[in-house]
Amino acid sequence: MLKIASWNINSVRLRLPSLKKILEQYNLDVICLQETKTPDEFFPEQDIKSYGYEHIAFRGEKSYNGVTIISRIPIVNSFHWDMCAKGDKRHIAVELDNGITIHNFYIPAGGDIADIKENPKFAHKLDFVDEMTSRFEESIPKKTVIVGDFNIAPFEHDVWSHKQLLKVVSHTPIEVEKLTKLSESQSWIDSHREFTPLDQKLYSWWSYRSPDWQKSNRGRRLDHIWLTPDLKQELKSADIYSETRSIEKPSDHATISITLNL
DNA sequence: ATGGTGGGTCACCCA
């Protein structure tokens, strides 16, 4: 079995002890992190290796963004895409020695205003998703898993109130349209929705700004793990560890995972 | 309609 997780850690240095606990508690083979917020020269590579995860690919920068793939299974190749040619660190990918390729994305949040003319961050977000679509059309993925903080909650029950979030960046029709186009372009399998019907709520993120996130439960499903169809038969489970949102000094994102029968 | 909190860095950026 291969267990792959994704977590927007919001500073890998601040939450290194939590990372160690999560790797152990959920017996993860691979974890993909977003928002590591750490330049490569300060990345805690040796600490993570000492946890038993000796194979690590990372790309970071000061203050913002940053992605890594941490594995106890050998990585035979790693590479990255310079999305939107901005030089920011929002993508990294690895090929494991079992033949699986994993892409880790941190899609731009997109700012507050859902208008590409008024808000360059929103335009960047839409362009980023379009570029994901075109890049996977150029080199058709096989035995591939794409994960990350997509910053888009595509379905009605991926947010606490579909009506109230229709104009809120993360759930606007144009974003959902772009993500749907990406999804359909390679018939990507939405792992978590394979096990939870579309009429049931599913969240992976709760704002820091709520005094009691569990009580108000105004969540959104921003984090995703998708598979190429050739892996669908191997998908055995998909989980959202909402309890990771309750740890001391939590990220605003929960850790999510899948298990593949490999 | 508004502001609420948190991380990184050092007066604000970003989420």
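As the structure is a computational prediction, the values presented were derived from the model and not from experiment. Proteins get letters first, then strands, A, B, ... in listed order; numbering begins at 1 in each.
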Note to self: Hydrogens and angles aside, do A:H192 and A:H224 bring a side-chain donor and acceptor to less than 3.5 Å of each other?
What the structure shows: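 Side chains of A:H192 and A:H224: no pair found under 3.5 Å.
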Item checked: Modelled atom types, side-chain donor and acceptor of A:T228 and A:T144, under 3.5 Å ->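 No, A:T144 and A:T228 have no side-chain donor paired with an acceptor closer than 3.5 Å.
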In whole Å, I'd like the distance from the [atom1] atom of [X] to the [atom2] atom of [N].
X      : N      : atom1 : atom2 : answer
A:I9   : B:dG6  : CD1   : P     : 17 Å
A:E35  : B:dG6  : CD    : P     : 16 Å
A:N65  : B:dG8  : CG    : P     : 14 Å
A:Q34  : B:dA15 : CD    : P     : 14 Å
A:D252 : B:dC14 : CG    : P     : 17 Å
A:F122 : B:dA15 : CZ    : P     : 13 Å
A:Q164 : B:dT2  : CD    : C1'   : 15 Å
A:N10  : B:dC13 : CG    : C1'   : 13 Å

Can a donor-acceptor pair be found, under 3.5 Å and without considering hydrogens, that links the side chain of [X] to the backbone of [Y]?
X      : Y      : answer
A:W226 : A:V145 : no
A:Q34  : A:N8   : yes
A:Y208 : A:D252 : yes

If you measure from the [atom1] atom in [N] to the same atom in [M], how many Å do you get, rounded?
N      : M      : atom1 : answer
B:dC14 : B:dC10 : C1'   : 15 Å
B:dG7  : B:dG3  : P     : 22 Å
B:dT9  : B:dA15 : C1'   : 15 Å

Check: Looking at A:W205, is A:R221 sitting on its ring face, NZ or CZ under 6.0 Å from the six-membered ring centre and within 45 degrees of the normal?
Finding: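 That pair does not qualify as a cation-pi contact.
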Note to self: Does the Lys NZ or Arg CZ of A:R245 fall within the cation-pi geometry relative to A:W206 - under 6.0 Å from the ring centre and within 45° of the axis?
What the structure shows: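 Relative to the ring axis of A:W206, which defines the angle, A:R245 lies outside at least one limit.
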Check: Is the distance between the ring centroids of A:W7 and A:Y241 under 6.0 Å?
Finding: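 Centroid separation for A:W7 and A:Y241: 6.0 Å or greater.
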Note to self: Under 6.0 Å between ring centres: does that hold for A:H171 and A:H162?
What the structure shows: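 Here the rings of A:H162 and A:H171 have centres that are less than 6.0 Å from each other.
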Listed nucleotide nearest any side-chain atom of [X], set [options]:
X      : options               : answer
A:R90  : B:dG7, B:dC10, B:dA15 : B:dA15
A:Y64  : B:dA15, B:dC13, B:dT9 : B:dC13
A:N151 : B:dT9, B:dG7, B:dA15  : B:dA15
A:L14  : B:dG7, B:dA15, B:dT9  : B:dG7

Note to self: I'd like to know if A:I102 and A:I189 are part of one continuous hydrophobic network [Ile/Leu/Val/Met/Phe/Trp/Tyr, side-chain heavy atoms within less than 4.5 Å].
What the structure shows: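 Linked within one cluster.
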Check: Contacts to DNA chain B from residues 208-226 of chain A, heavy-atom cutoff under 4.0 Å, which residues?
Finding: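 Here the set is A:Y208, A:R209.
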Next item on the list: Can you sort out which residues in residues 102-113 of chain A have a heavy atom within less than 4.0 Å of DNA chain B? Ascending by number, please.
Entry: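 Within residues 102-113 of chain A, the residues near DNA chain B are A:Y106, A:A109.
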When you measure from the side-chain N and O atoms of [X] to the phosphate of [N], is any distance below 4.0 Å, counting only OP1 and OP2?
X      : N      : value
A:R15  : B:dG7  : yes
A:K62  : B:dC10 : yes
A:K37  : B:dT9  : no
A:R245 : B:dG6  : no
A:K121 : B:dC14 : yes

Notebook entry, point to check: Please, what dot-bracket string fits DNA chain B when only Watson-Crick and G-U pairs with both distances under 3.5 Å count, crossing ones use [ ] and pairs to another strand use |?
Noted result: ....((((...))))
My understanding is that only residues two or more places apart in sequence, or in another chain, count here; which of them pass salt bridge (Lys or Arg N to Asp or Glu O under 4.0 Å) with [X]?
X      : value
A:R72  : A:D29
A:D239 : none
A:R13  : none

